[in-house]
Protein chains: 2
Amino acid sequence: MALQSESETLLTPSEVASMFRVDPKTVTRWAKAGKLSSIRTLGGHRRYRESEVRRLLDGLPSPRVQTS
Amino acid sequence: MALQSESETLLTPSEVASMFRVDPKTVTRWAKAGKLSSIRTLGGHRRYRESEVRRLLDGLPSPRVQTS
DNA sequence: ATTAAATAGGGTAATTCGGGCG
DNA sequence: GATGTCCGAATTACCCTATTTA
């Protein structure tokens with residue numbers, strides 16, 4: 001089976017930033033640090049996988065308060 | 001002589017744009033800049049090779065026969 | 001042949017990149 | 001160590017109309 005890199009919905013830096021309530025620059029730093037995988041346009045701009053972002057948003061390691 | 005027995009799937013500008021999450025015009029700019037090879041219809045519209053687009057999407061380097 | 005959608009052009013805002021600073 | 005901001009340069013997005021495609 002081939003990789004289905006096409007069917008994956010991609011998000012722009014500003015979109016991810018809005019979802020996390022952070023500056024787009026911060027998202028860029030996460031990508032640099034390898035905390036978030038990114039796809040590059042031919043011009044060098046980053047795109048992020050929606051599924052990964054959503055996974056991080058939903059299933060984030062809770063602040064050790066309650067996980068249910 | 002290499003026979004093109006394998007049908008090379010061609011993609012429209014909007015299809016490529018969707019894959020990269022960019023505007024179709026941006027794909028056109030990539031073609032103009034030589035970052036992406038394009039095939040022209042008789043009316044002047046551009047078509048792109050799926051194999052090349054996939055290669056670029058996966059972040060693989062230039063079309064190299066040998067990947068050291 | 002006619003309609004509707006997509007693309008090619010060109011021009012101008014808006015994002016993003018990268019580095020460095022606080 | 002992590003985030004936000006300022007800067008300049010580069011890339012991308014949106015506006016229009018005419019032509020091509022389906």
Side-chain angles (χ1 to χ4, degrees):
Chain A
M1 291 291 272
L3 299 175
Q4 39 185 346
S5 36
E6 175 201 341
S7 54
E8 178 66 62
T9 302
L10 300 179
L11 299 174
T12 64
S14 60
E15 288 172 338
V16 178
S18 301
M19 296 169 72
F20 277 100
R21 290 286 227 157
V22 295
D23 194 90
K25 193 86 169 187
T26 300
V27 179
T28 298
R29 290 195 178 105
W30 292 344
K32 276 188 180 179
K35 299 178 179 178
L36 182 61
S37 64
S38 63
I39 293 179
R40 295 281 201 143
T41 68
L42 299 193
H45 286 200
R46 295 182 181 85
R47 296 285 115 101
Y48 305 94
R49 304 177 196 276
E50 183 186 34
S51 59
E52 184 177 6
V53 172
R54 202 165 287 285
R55 177 171 55 81
L56 293 172
L57 275 174
D58 297 341
L60 260 179
S62 311
R64 297 295 70 174
V65 179
Q66 191 168 12
T67 325
S68 84
Chain B
M1 296 310 174
L3 295 176
Q4 319 296 348
S5 49
E6 286 294 328
S7 51
E8 173 69 61
T9 304
L10 297 181
L11 302 175
T12 64
S14 61
E15 287 173 337
V16 179
S18 300
M19 295 168 71
F20 279 96
R21 185 54 166 90
V22 294
D23 194 89
K25 288 301 192 56
T26 299
V27 180
T28 297
R29 261 186 248 103
W30 293 344
K32 278 188 180 178
K35 298 178 179 177
L36 179 62
S37 64
S38 62
I39 296 176
R40 294 281 202 149
T41 67
L42 300 188
H45 288 197
R46 296 183 180 84
R47 296 286 115 96
Y48 306 93
R49 302 179 187 280
E50 183 185 32
S51 59
E52 184 178 8
V53 173
R54 284 201 175 289
R55 204 162 54 226
L56 294 171
L57 256 183
D58 293 336
L60 298 179
S62 316
R64 267 285 142 88
V65 181
Q66 192 174 6
T67 312
S68 47

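First the proteins, then the strands, lettered A, B, ... as listed; each starts at 1. Please read these numbers as outputs of a predicted model, since none were measured by experiment.
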Could you tabulate the donor-acceptor pairs under 3.5 Å formed by side-chain atoms of residues 27-38 of chain B, not counting sequence neighbours?
unit_1: B:Thr28; atom_1: OG1; unit_2: B:Pro24; atom_2: O; d: 3.4
unit_1: B:Arg29; atom_1: NH1; unit_2: B:Thr26; atom_2: OG1; d: 3.4
unit_1: B:Ser37; atom_1: OG; unit_2: B:Glu52; atom_2: OE1; d: 2.3
unit_1: B:Ser37; atom_1: OG; unit_2: B:Glu52; atom_2: OE2; d: 3.3

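- At D:dA13, one or more side-chain N or O atoms of B:Thr26 fall inside 4.0 Å of OP1 or OP2 (strictly under the cut-off).
- Of the residues in residues 27-34 of chain B, those lying under 4.0 Å from DNA chain D by heavy-atom distance are B:Arg29, B:Trp30.
- Screening residues 34-55 of chain B for ring pair (Phe, Tyr, Trp, His ring centres under 6.0 Å), with sequence neighbours left out, gives no hits.
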Open item on the list: Between A:Arg40 and A:Arg46, does the side chain to side chain contact (heavy atoms under 4.5 Å, CB included) criterion hold? Intermediate values first, please.
Closed with: CA-CA 5 Å; A:Arg40 295 281 201 143; A:Arg46 295 182 181 85; 2.9 Å; yes

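- To the nearest 0.5 angstrom, A:Arg47 atom CZ is 6.0 Å from A:Thr41 atom OG1.
- Taking atom CE on B:Met19 and atom P on D:dT12, their separation rounds to 16 Å, with Å as the unit.
- Bounding nucleotides for the chain B contact on DNA chain C, 5' to 3', at a heavy-atom distance below 4.0 Å, are C:dT7 to C:dG10.
- For the atom pair CG of A:Leu57 and CZ of A:Arg55, the computed distance is 10.5 Å after rounding to the nearest 0.5 Å.
- One can place NZ of A:Lys35 at 9 Å from C1' of D:dG1, the figure rounded to the nearest angstrom.
- Rounded to an integer number of Å, the gap from B:Arg40 CZ to D:dT21 C1' is 14 Å.
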Indicate every side-chain donor-acceptor pair of residues 10-19 of chain A with a distance under 3.5 Å to a residue at least two apart or in another chain.
unit_1: A:Thr12; atom_1: OG1; unit_2: A:Ser14; atom_2: OG; d: 3.3
unit_1: A:Thr12; atom_1: OG1; unit_2: A:Glu15; atom_2: N; d: 3.3
unit_1: A:Thr12; atom_1: OG1; unit_2: A:Glu15; atom_2: OE1; d: 3.3
unit_1: A:Glu15; atom_1: OE1; unit_2: A:Thr12; atom_2: N; d: 2.9
unit_1: A:Glu15; atom_1: OE1; unit_2: B:Arg21; atom_2: NH2; d: 3.2
unit_1: A:Glu15; atom_1: OE2; unit_2: B:Arg21; atom_2: NH2; d: 2.5
unit_1: A:Ser18; atom_1: OG; unit_2: A:Ser14; atom_2: O; d: 2.8

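- Rounded to a whole Å, the CZ atom of A:Arg21 is 12 Å from the P atom of D:dG4.
- For B:Phe20 and D:dA13, the CZ to P distance is 12 Å, given to the nearest whole Å.
- Every stem involving DNA chain C, taken as at least 3 paired positions in a row under the Watson-Crick or G-U wobble test at 3.5 Å, is listed here: C:3-19 with D:6-22.
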Under 3.5 Å, N/O pairs linking protein and nucleotides 16-20 of chain D:
unit_1: D:dT20; atom_1: O4'; unit_2: B:His45; atom_2: NE2; d: 3.4

